[in-house]
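Just below is one structure, and these are the notes that go with it.
We count residues from 1, following the sequence as given. We use all heavy atoms of the structure for the numbers below, so side chains are in, but hydrogens, waters and symmetry mates are not.
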Amino acid sequence: MYHSAYGVIEALAPIHVGATAGEETGNLNLIFRDQFTQTGMIPGSSIRGRFRADMRDGKQGEEQTWYGHESVDNRPDGGTTEALVKFEYASLVWLPVFCPGQPVVFVTCPLLLKRYKRIAKLDADVPAPYTAATGLEGRQMAGRGKILFFNLGFIELEHEEDLSAWIPPGADLDPKKLVVVGDNDIAMLHDMALYRQSRVKLLDEMEKVDTERGAFFNTEALPEGSVLVFPIALKRKGWKPFGEENSSELYFGGLESIGFGRCRVSLAGEYQ
């Protein structure tokens, strides 16, 4: 019998969880993507590793109880134990996208909302594609619905309803800036929204590009403001990774030293 809980991640800085190769070859360092929606995700192993490292720093020894004992040399069974806390991958719920005149709207799609509904046990019908939040501004065209323009095109909104019930706990979102698009459209909007940064390696002695080491490379990341959710299963209650609080700031992914990875994580459900 498992106790059910979940976590909500709100990006306070761009998040890069994915490829790390490319600094020498000039390749683009891609983020991990969900295989169905082609949107960014954070693997459960990355989430567990972050929680484990933080508990080790604060309450050394307890991390082996909650997250499992690491392998031990010269033991027939390897020394590993089963974790009391199980993490699944974090998927997007809302993604900020630049939209002229807004200037930002948060988009999602039915597939992403269905997963969030299962995780959070929401008693609500998943909104239809091309649904705008009540009060969303947009260009009204004669004989057509409300139009939203993006960098590479536009979408016509067919429905309007209150979407505030789909804002995860702890997420700071404007309920009038939410849009549900089609499952076939989310991948294109996702790629428009990604944060991208080009970098070069300079010589140690001067501010000059080190051409001998293949210095040019690119990184992509989920943008600041992205909201993700991940399910948690616990074999017993009493897990308090943030002490008596239900939220805290954590870092996920790489490139922390240059401003990536800072997030606010909020927990809900049966975990304490």
Side-chain angles (χ1 to χ4, degrees), residues 1-20 31-37 39-71 78-95 108 111-122 168-171 221-222 226-254 256 260-272:
M1 180 69 180
Y2 285 95
H3 301 285
S4 177
Y6 65 96
V8 176
I9 299 173
E10 183 175 8
L12 304 179
I15 308 174
H16 174 81
V17 180
T20 56
I31 61 171
F32 290 130
R33 284 170 165 79
D34 170 74
Q35 68 269 40
F36 300 116
T37 62
T39 56
M41 47 86 76
I42 302 177
S45 57
S46 298
I47 299 171
R48 185 187 68 170
R50 179 74 275 167
F51 275 88
R52 184 185 185 95
D54 275 41
M55 184 171 284
R56 184 190 297 120
D57 291 341
K59 300 177 181 179
Q60 193 166 8
E62 284 195 24
E63 80 280 358
Q64 297 180 1
T65 300
W66 290 105
Y67 309 120
H69 200 291
E70 70 272 14
S71 62
T80 58
T81 58
E82 183 182 1
L84 297 179
V85 184
K86 321 285 188 180
F87 298 95
E88 294 183 29
Y89 73 93
S91 58
L92 279 167
V93 183
W94 295 104
L95 176 72
T108 188
L111 273 177
L112 294 174
L113 290 181
K114 285 177 184 176
R115 184 170 191 259
Y116 173 54
K117 179 179 178 177
R118 291 195 303 269
I119 293 171
K121 300 179 180 178
L122 292 181
L222 288 172
S226 299
V227 177
L228 303 93
V229 64
F230 60 95
I232 306 168
L234 300 95
K235 298 195 74 173
R236 75 174 191 221
K237 293 183 179 181
W239 179 56
K240 296 183 178 181
F242 307 144
E244 298 303 319
E245 303 294 327
N246 67 353
S247 65
S248 182
E249 287 190 8
L250 296 177
Y251 280 81
F252 290 101
E256 296 176 7
F260 286 69
R262 186 166 69 95
C263 303
R264 173 159 293 278
V265 181
S266 302
L267 301 177
E270 306 171 8
Y271 66 95
Q272 289 188 344

Sorted by chain and residue number, the side-chain hydrogen bond (donor to acceptor under 3.5 Å, both in side chains) partners of Tyr6 (sequence neighbours excluded) come out as none

Those residues at least two apart in sequence (or on a different chain) that pass salt bridge (charged side-chain N to carboxylate O under 4.0 Å, His left out) with Glu244 are Lys240

Checking the side chain of Ser266 only, and the main-chain atoms of Ser247 only, is there a donor and an acceptor separated by less than 3.5 Å?
no

Sorted by chain and residue number, the side-chain hydrogen bond (donor to acceptor under 3.5 Å, both in side chains) partners of Trp94 (sequence neighbours excluded) come out as none

Those residues at least two apart in sequence (or on a different chain) that pass salt bridge (charged side-chain N to carboxylate O under 4.0 Å, His left out) with Glu249 are Arg262, Arg264

Please determine whether side chain to side chain contact (heavy atoms under 4.5 Å, CB included) holds for the pair Thr39 and Leu95, giving the CA-CA distance in whole Å, both sets of side-chain angles, and the decisive distance to 0.1 Å.
CA-CA 9 Å; Thr39 56; Leu95 176 72; 5.8 Å; no

Residues passing the side-chain hydrogen bond (donor to acceptor under 3.5 Å, both in side chains) test with Tyr251, sequence neighbours excluded, are none

CG of Leu222 to SG of Cys263, rounded to nearest 0.5 Å, is 9.0 Å

Tell me which donor-acceptor pairs under 3.5 Å the side chains of residues 226-236 have, and how far apart each pair is, sequence neighbours excluded?
{"residue": "Ser226", "atom": "OG", "partner": "Pro223", "partner atom": "O", "Å": "2.8"}
{"residue": "Lys235", "atom": "NZ", "partner": "Glu82", "partner atom": "OE1", "Å": "3.3"}

Cationic N near anionic O, under 4.0 Å, Glu256 to Arg50: yes

Sorted by chain and residue number, the side-chain hydrogen bond (donor to acceptor under 3.5 Å, both in side chains) partners of Asp34 (sequence neighbours excluded) come out as Thr37

Here the pair of heavy atoms bringing Gly254 nearest to Phe260 is O-CB, 3.4 Å

Applying salt bridge (charged side-chain N to carboxylate O under 4.0 Å, His left out) to Glu10 and not counting sequence neighbours gives none

The salt bridge (charged side-chain N to carboxylate O under 4.0 Å, His left out) partners of Arg48 (sequence neighbours excluded) come to none

Output for pair (Ser91 OG, Tyr89 OH), nearest 0.5 Å, gives 5.0 Å

Less than 4.5 Å apart, any side-chain heavy atom of Leu267 and any of Pro241?
yes

With sequence neighbours left out, the residues meeting ring pair (Phe, Tyr, Trp, His ring centres under 6.0 Å) with Phe242 are Phe51

Rounded to the nearest 0.5 Å, the CG atom of Leu112 sits from the CE atom of Met41 at a distance of 12.0 Å

Hits for ring pair (Phe, Tyr, Trp, His ring centres under 6.0 Å) against Tyr116, two or more places apart or cross-chain, chain-then-number order -> none

